Structure formats: structure tokens, C-alpha cells
Amino acid sequence: MDKSYSEWDFDVVVIGAGGAGLRAAIEASSNGAKVGMISKSMLGKAHTVMAEGGAAAALANKDHRDSWKIHFRDTMKGGKYLSDWRMAKVHAQQAPDRIRELEQWGAVFDRTPEGKTSQRNFGGHTYPRLAHIGDATGLELIRTLQQRGIHTGMEVFMEYTVRHLFKKDGRVVGCFAYNRSDGSLHLFRAKSIVLATGGITRCWEVCSGSWEYTGEGHALAYWTGAEMGDMEFVQFHPTGMIWPPSVKGILVTEGVRGEGGMLTNSEGKRFMFDYVPEMYREEFADTEVESSEWVKEVVSGKLATKRRPPELLTRDVVAKAINSEKAEGRASEHGGAYLDISWRKSEEIKKKLPGMYHQFMELAAVDITKEPMEVGPTAHYVMGGVRVDPITQETSVPGLFAAGEAATGLHGANRLGGNSLSDLITFGKIAGEHAAMSASQVGSFEEIDEEEIDTVITEMLEPLGREEGENPAKVVEDLRVMMQNKVGIIRTRELLEEALDDLDDLEVRGKNTMSPGGRVYNPGWHQALEIAAMIDVSRMCALSALMREESRGGHTRDDFPSPDNSKWGNLNSRIKQVDGKMEFDYTSYPPIPDDLRNLLDSEDLMEEEE
Ligand code: FAD
């Protein structure tokens, strides 16, 4: 087979063209670096484009009492105090400037009547804090960054998948990629690299992520020796579509419940009252809130109250409740719950939830103004990822930087809604700046070992040359079903141990797949190449979940149902590949200084937020 490849030299290579990658590329380029941006998908089709609700930043436009200190506290509290406080501080302090900067670059945010950037309420944020553009915030963010990036200067490699990172004397010196449409091979020499490859949720059968989220960035970092952290923490959003199968997992915004959507089981019962956690019991002590008339009066504004319907308990509580109803045999027709907002006037639904109306009408032939939706939990976000320096975003491998969902630290055990978009622009900028600085300190490009390049190419082409083997799609499908059943919302020792054994079997199967049909756009080949990453990423999640014998944020153990602060309160899991083996231990961030500690509300430690 033809093993020839093209060669490219860039001061900084950015892998990933979502919000984090674009913001990093802009900054690196503005700092004088020659930047190459590699993206597995088309430019503009990163995951960031799907973000709806908004970006969190304490602009204090809607409530003057907001400040970075309160955003810092909310983030730490939402992360169950496992976040890196240094990142939470930088994020809370710098996010407002990053939003203002986007406006200067042309982003058209929604406005308050006084002409300021509008901000909306979201779970876990004390004040209205999410700057937004209708329910298409991610689209506007990507549009603005792309336009800015192209003008600042960068070379874009669309539909190129990075397969391998090269190191020399411990420092990252380049990467290897292939072009997904024509199958051509490409060597990139780089003085530094920014990994901005997003999340991993395609490792679960039901997820809100798109096809790119196979965790390759996480795996690339791991394989190159970078430290990974907090991989047990995966956020399951309670309401994804569950029917028809082709759309399973697509997000049903929390706004549906915010606008009065009520959840019922197959017996027509509003089951959420049975799942109110102890800390919220008082709120639901009388029966008044149990009537759906009460919800209608609250939502229509006839009744002013700070109390909320139980459907608006936090994401993990609602997701687990739907899961339990299913386990008890009270699931909706297709295995979830009914979410009904049809009691509201048709025109109100179409005005407040236009995206949801069209989503259900076009994808499921369900008119949500007349009938209930069917929903169930969907894997939505990974809090774990590549460990980074909080000041520079450099990973434990010199010259390799990470930002966005690929990195860990900011969100601890649970991410607050809106804190991802602000994470991307805050830490994307920092990563780009420091990657450029680091590159400027490197003299010339390093020559990359020919033998290593040859090994990478040989491995890549293997599935094409095999005359026998499994269909990669079947291995991927089995992996996703297994992760859904054994490393899902509710975990136990037994299931996690089984999952680790299953992953060993899947790994063997994954190494023996075949993808006939040549190199020109061959999706079977692409999938065959993704399996190894999916296996190792899933293994990191299963192993970390097995080791943490408590429940906290996005990690729930049926056999250890409560948080245990005395043992786990400040322990972050850490994983590293050493001599081809997955090494696991715990570490802690440095103690939080008193001035920041005083901002925290330690008695809230166990309060659940989104
Ligand atoms: P992405 O935007 O996913 O970009 C990753 C990039 O890496 C892509 O270009 C991809 O092609 C590329 N890539 C991956 N692997 C490779 C490889 N091997 N080689 C080359 N390129 C590669 N968060 C909020 O804060 N507010 C919201 O309102 C919000 N709403 C959401 C709604 C939905 C439906 C979903 C699914 C998520 C939402 N989130 C929201 C979360 C947020 O959108 C993501 O966490 C965020 O966009 C991730 O950005 P990123 O830049 O890290 O990665």
C-alpha cells in the first residue's frame, strides 16, 4: 500500500476547531505564531455549534449583585468542591472580558431593554448569568470566532483526523493525521500543540454528542504520557429524546421543564415527588405543589412563589429518578418517561420553545403542543480529561497544551450549565497564548523518527488490508451498549468489574476488524481507527468509577450511595500510561487560600446543583 505522506511545519498546531480550538488559534496567531488548525469535521461543525443556553459570565447586567466571587463560589459548589480552585478563579474573573471581546468581534448577543448584553437564569447560578443569543448561542460563538480566526491568520485542515502525537526528549514535536475524504496521509511538525478535541460521550449508547465525540483527544494525550484526571465524572442530562431510535439521546432542553413540562410514568403518576432528596424535603412538605394546577399557576405567573416543581430538581436527581422508574417497570412506551407541556397554549409553546417544537415534529412526528414527549437520560458532558497547569494550560507533557472539554480541572465532579462555553473562550485564549510563547522558545523543528512514522502508518492501514475480521460498527455498537449498561448513571462494583473485563474482550475484537473498500471516503475505516481510543477512554472511566467508593456529582454508586467527605472530599483521581499500562492514583490540588475559602459556603458542600 502507498505509504507516502505530505509534510507540514507550524509553530503551533491546534487540534480541534470548536470554541476552545478556535480561541486558542486566534491567540497563538495574534502572538506571532504560524498556526495550523486540524479538525476531524468541517470548519463550523464542531460540537460547540450545538450549545443552546448560553455562556456564563458575571457581567452583572441583570442583577448588580453578581460578581466573579459569586460565580467562583457557584462553580466550586456545583463541582462538589473537587474543582481546581485556581482555574475556577481565573474563569470567574476573566469570562466577562471574553464575552465583551466576542461582542467587539461582532457577536450579536441578545440585549436588555437598556441595551446591555442580556443574561438568563440557569441551574446552579445564583444570579442571571448566561449571555445568550436566543437558543443558538453556540452557533453565534463559532461564527464569530471563525471569522476572527480566518482574519487573524491560520491554515485550516478540515476533515483531517489526528492519530498520533510524536515526542522527542520528552517534548511534543508533531502529530500524524489522515484526510478523511481522500485517505491521504500527513505529517505535521510543530513546536507546540494545543489539544482542543472536545468530549467522549459517544462511548455511551445514548448521548447528546455528535459523531466526533469518540474521545480521540483524550486518548492521544494518554498515549503520549500526559496525566489524565477525574474520569469517573460524566454528566447525564435527564432529558434526551428516546424515540425513534435514530434520534435517541438528542437533547431536550431543561427549558421545557422550566416552562411547566411535567414528568409522568406509565401509570400517569408525577413520580418526581417520590425522589425529593432529604435536603429539599421541606420545600415539598405540603401537598399544594403536588397538583398540576399549582404548576400551571406558577408558570402562568398567576402565583408568585420561589418554590419550584420537583421536575426542576437538579439534573442528576431527575436522571436517576427516571432510571429508577424504568427499573421498577413503570417506564414510558419506549423505556423512559413522559414529559408533557401540552397543557400550555399552542402559540406559547411555539414561541418559547421553537427549537423543541420543530425537533419533535420533524424527528419524531410528535406535536408537543398536543401530546407528551418521551424522554430519558443521555450522556452529555465529561468533567474529566487531560490535567493542565492552571496558569498556562500546559499538560504534564512539555509543549502539549489542552483546553475546553478535553481538559479537566474547572468543573470538578459536576459542571454548571453555561460554564462550558465560558471555559472554552477563557482557557482557549490562555492555551493559545502560552503555546505560542512556548513555541517561540524552541529553535528549529525537530526531525521525527522515520521508524515511528512507519509504525503509525502501518497500524493505520491494517484494517484496510485484512481479508478477514469483524465489522468495526458492530464492535463500536457493543462497546456503547456495554458502557450504557455497566458504566452508566448508576454504578456498582460488580458492574464496573464486568465492564473492565468486557473492555479487554472488546479490545481484542477491535484489533481485528476489517474495512474493505479502499482509503477514499471509507467510514468503516474511520470507525475501525476510532475503536482503540474509545476502549482506553472507557477503561479510564470504568476504572476511576470502580475506585471511587462514594457518590458525588456525576458519579453515583448504588453500593456507596452517599458522599464521603472524610475520605474522598479532596481527592482527584489521576491516570497515566506507564510502560503501556494504565497507572492509577489520587492527588489533590494545593490548599485553597483563606480569602477564597471564605467565599465558599462549606455547609452547602453536599447540596446538589446543575
Ligand atoms: P468541540 O466544540 O466539540 O470541538 C472539538 C473539535 O475537535 C471538533 O472540531 C472535532 O472535529 C475535533 N476533533 C476531535 N477529535 C479529533 C481528532 N482526532 N483529530 C482532529 N480533530 C479532532 N455548554 C454551555 O456552556 N452552554 C450551553 O448552552 C450548552 N449547550 C449544549 C447543548 C448541547 C446539545 C450539547 C451537546 C452540549 C452543550 N453544552 C453547552 C456543552 C458545550 O457545547 C461543549 O462542552 C463545548 O462546546 C465543547 O467545546 P470544545 O471546543 O471543547 O470541543
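Please read these numbers as outputs of a predicted model, since none were measured by experiment. In each ligand, atom 1 is the first atom listed, and ligand 1 is the first ligand listed.
Residue contacts with ligand 1: G54 is placed with a nitrogen or oxygen under 3.5 Å of a nitrogen or oxygen of the ligand (distance criterion only). Backbone and side-chain nitrogen or oxygen atoms of A46 are examined, and none is located within less than 3.5 angstrom of a nitrogen or oxygen of ligand 1. Checked against a 3.5 angstrom limit, the closest N/O atoms of G417 and ligand 1 fall outside it.
Between H47 and Y213, the ring planes lie parallel to each other; the angle is under 30°, not in the 30° to 60° tilted range. Ring-plane geometry between H237 and H380 is classed as perpendicular, the angle between the planes exceeding 60 degrees on a 0 to 90 degree scale with a lower cut at 30.
Near S41, meaning under 4.0 Å from one of its heavy atoms, ligand 1 places the atoms 9 (O), 10 (C), 11 (O). Ligand 1 places these atoms under 4.0 Å from at least one heavy atom of L421: 24 (C), 25 (O), 26 (N). Numbered from 1 in the order shown, with element, the atoms of ligand 1 that lie under 4.0 Å from a heavy atom of G53 read 27 (C), 28 (O). In the vicinity of E405, heavy-atom distances shorter than 4.0 Å reach the ligand 1 atoms 44 (C), 45 (O), 48 (C), 52 (O). Every atom of ligand 1 with a heavy atom of G404 under 4.0 Å away is listed here by number and element: 52 (O).
Within the 4.0 Å heavy-atom criterion, neither part of H411 lies near ligand 1. Only the side chain of H380 comes within 4.0 Å of ligand 1, judged by heavy-atom distances. Of all the heavy atoms of A196, the ones lying under 4.0 Å from any atom of ligand 1 belong exclusively to the backbone.
Atom CZ of F401 is separated from atom NE2 of H434 by 8.0 Å, given to the nearest 0.5 angstrom. In this structure, Q119 CD and L59 CG are separated by 4.5 Å, a value rounded to the nearest 0.5 Å. Between C175 atom SG and F10 atom CZ the span is 10.0 Å, to the nearest 0.5 Å.
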K77 and T126: CA distance, side-chain angles, deciding distance, side-chain hydrogen bond (donor to acceptor under 3.5 Å, both in side chains) verdict: CA-CA 11 Å; K77 185 174 167 184; T126 304; over 6 Å; no
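Among L130, L251, L529, L424, the residue whose heavy atom lies closest to atom 34 (C) of ligand 1 is L251. Which of Y213, Y381, F157 comes nearest to atom 48 (C) of ligand 1 through a heavy atom is settled by distance: it is Y213.
Under the 4.0 angstrom criterion for non-hydrogen atoms, G19 is in contact with ligand 1.
In summary, of the residues considered (R98, H91, H411, R415), a side-chain hydrogen bond (donor to acceptor under 3.5 Å, both in side chains) with D423 occurs for H411 alone.
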